[in-house]
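Proteins come first, then strands; the chains are lettered A, B, ... in the order of their sequence lines, and each starts at number 1. Only heavy atoms go into these numbers, but all of them, side chains included; no hydrogens, no water, no symmetry mates.
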Number of protein chains: 2
Amino acid sequence: MSEMSATSVDRTPTRIALVEAALRLFGRKGYDAASTREIAAEAGANIAAIAYHFGGKEGLRRACVEAIGDRLSAIVGPPLPAPVGRAEARVLLERVVRAAAMFLSTAAPARDMVAFLLREVSEGGPELDRIFATVVEPRHRHLCALWGAATGTPPESEATRLAVFAMVGQVLYFRIGQPVVLRRMGWQTISPDAAGRIGDLLVRNLHAALAAGERTTP
Amino acid sequence: MSEMSATSVDRTPTRIALVEAALRLFGRKGYDAASTREIAAEAGANIAAIAYHFGGKEGLRRACVEAIGDRLSAIVGPPLPAPVGRAEARVLLERVVRAAAMFLSTAAPARDMVAFLLREVSEGGPELDRIFATVVEPRHRHLCALWGAATGTPPESEATRLAVFAMVGQVLYFRIGQPVVLRRMGWQTISPDAAGRIGDLLVRNLHAALAAGERTTP
DNA sequence: GTCTATAAACAGATAGAC
DNA sequence: GTCTATCTGTTTATAGAC
């Protein structure tokens, strides 16, 4: 069968190549602008293979969402770790922000994944429910737990959830807005050095925001 | 003639209606997904009117960028005000952040404009140069001037420019990520009240970031 | 499973009447 | 300026050979 759950995906080489190519092209040009012919060509496969493996273009989009969920799990680990102390939570948050800044600024696949996800979210696409349930909600909840531990505030309070969204927005903008960031900074690319300085800034903002959040509800 | 500079745009009713419809549909579905037939229908005009007024679909995209530039100027005023003192700069920045949070969270046209711009930027579309020159660069430079005045740091230093981008990213995410924000917050819509609380958070983060920026280069 | 060939719908652009 | 009608290319999906 070609319809499988996310827990046991078949490892057909063409299937994998198709998802990879689709992720790249959906991310760069958008779902509608990327044609199935183009995707198949980039994957070194036939157009009919898309219908065979995914039932159609929409199935390929869904497979991309599932692939992103899997990659994210592989990169940042399982969504829910053990609860931690205040100092430890701070260190973990700092580490997440710095790693995200580095990954988002430099890694090429990050561009395509973020662009794809943000477009789907912004448009309210048909995979929004799955995106929220598998990539947004678990990670956000995890960050809220860390934030709550770091500030001593309730992890699921409105203030905490909004604060985490603000932090995420800061990091993500350096990815989606990268073309204008590069122009404004006079850079041709984001060097590892520059990515480090962006990470420094975001960590500084993180500590500042944590301190401000602490003051409001001590 | 139908090719005019941004300073003197002709006010043909159908032309205006077409740009408005295009901005809406480009913003919601993306440039490629929005068909010229659809745009013409929503504008109450004929398909051939697009070719007549804009020379083609690409011309319509360009007209959208120019329209956004004009609207932005009308909303936030001319890009370059007089230099200000430290306390005044703080107040102005606070006002900008709060106004942006309110506008971006609630106003319907904001969604389409931001979605359109961010997609064009992210894709590196053909209008990127114009977008950077007319909407990004002047506003960013203005904010940097305010930031520099508020912290006593050089307005065009790397740290200042990056800090302003981070602040902008925070605000923008509540617009483009709104569907997931709503889900995570358990809201059906962003009420004026909720927008106010988001504004409060962003202003708090602004002050925290300003203080942190001050400490590094006093 | 992978291919070729093709169907059916749709896109953007344009010619020409009014 | 605005319309109808149409041209040309491209899209996704599918039928059927291998």
Main-chain N/O of A/R130 paired with A/T134 side-chain donor or acceptor, under 3.5 Å
yes
When you compare the protein's N or O atoms with those of nucleotides 13-18 of chain C, which come within less than 3.5 Å of each other, and at what distance?
| from | atom 1 | to | atom 2 | distance (Å) |
| --- | --- | --- | --- | --- |
| C/dA13 | OP2 | B/K57 | N | 3.1 |

Which ranges of DNA chain D pair up as stems, where a stem means three or more consecutive Watson-Crick or G-U pairs with both distances under 3.5 Å?
C:1-10 with D:9-18, C:12-18 with D:1-7
Would you kindly give the CG-to-P distance between B/L60 and C/dA11, to the nearest whole Å?
15 Å
Expressed as a whole number of angstroms, how long is the span from A/L18:CG to C/dG1:C1'?
12 Å
Rounded distance in Å - CG (A/D32) to P (D/dT10)
18 Å
Trace of the side chain to side chain donor-acceptor pair (under 3.5 Å) decision for B/R184 with A/H140:
CA-CA 9 Å; B/R184 181 71 172 104; A/H140 191 276; 2.8 Å; yes
Ranking C/dT2, D/dT2, D/dT11 by distance to the side chain of A/S35, first place goes to D/dT11
Take atom CZ of B/R61 and atom P of C/dG12, then tell me their distance rounded to the nearest Å.
12 Å
Output yes when A/R28 and B/E123 qualify as a salt bridge under the 4.0 Å nitrogen-oxygen rule, no when they do not.
no
Ignoring hydrogens and geometry, is there a side-chain-to-backbone donor-acceptor pair from B/S157 to B/P154 under 3.5 Å?
yes
Check every strand shown and say whether A/A34 touches a base, only sugar-phosphate, or nothing at a heavy-atom separation below 4.0 Å.
sugar-phosphate
Whole Å only: how far is the CG atom of A/L25 from the P atom of D/dT11?
12 Å
Do A/R197 and A/S191 have side-chain atoms, one donor and one acceptor, less than 3.5 Å apart?
no
With nearest nucleotides of DNA chain D determined for B/G44 and A/A33 from heavy-atom distances, which residue corresponds to the more 5′ nucleotide?
B/G44
Just by distance, do the side chain of B/K57 and the backbone of B/S35 share a donor-acceptor pair under 3.5 Å?
no
Assess whether side chain to side chain donor-acceptor pair (under 3.5 Å) is satisfied between A/R139 and A/S73, documenting all intermediate values.
CA-CA 10 Å; A/R139 315 291 163 188; A/S73 294; 3.2 Å; yes
Answer yes or no on whether B/R62 is positioned over the face of B/F54, meaning its NZ or CZ is under 6.0 Å from the six-membered ring centre and within 45° of the axis.
no
Check whether any side-chain N or O of B/Y31 sits under 3.5 Å from a backbone N or O of B/E58 as a donor-acceptor pair, and report yes or no.
yes
Rounded to whole Å, please give me the gap between OH in A/Y31 and P in D/dT11.
14 Å
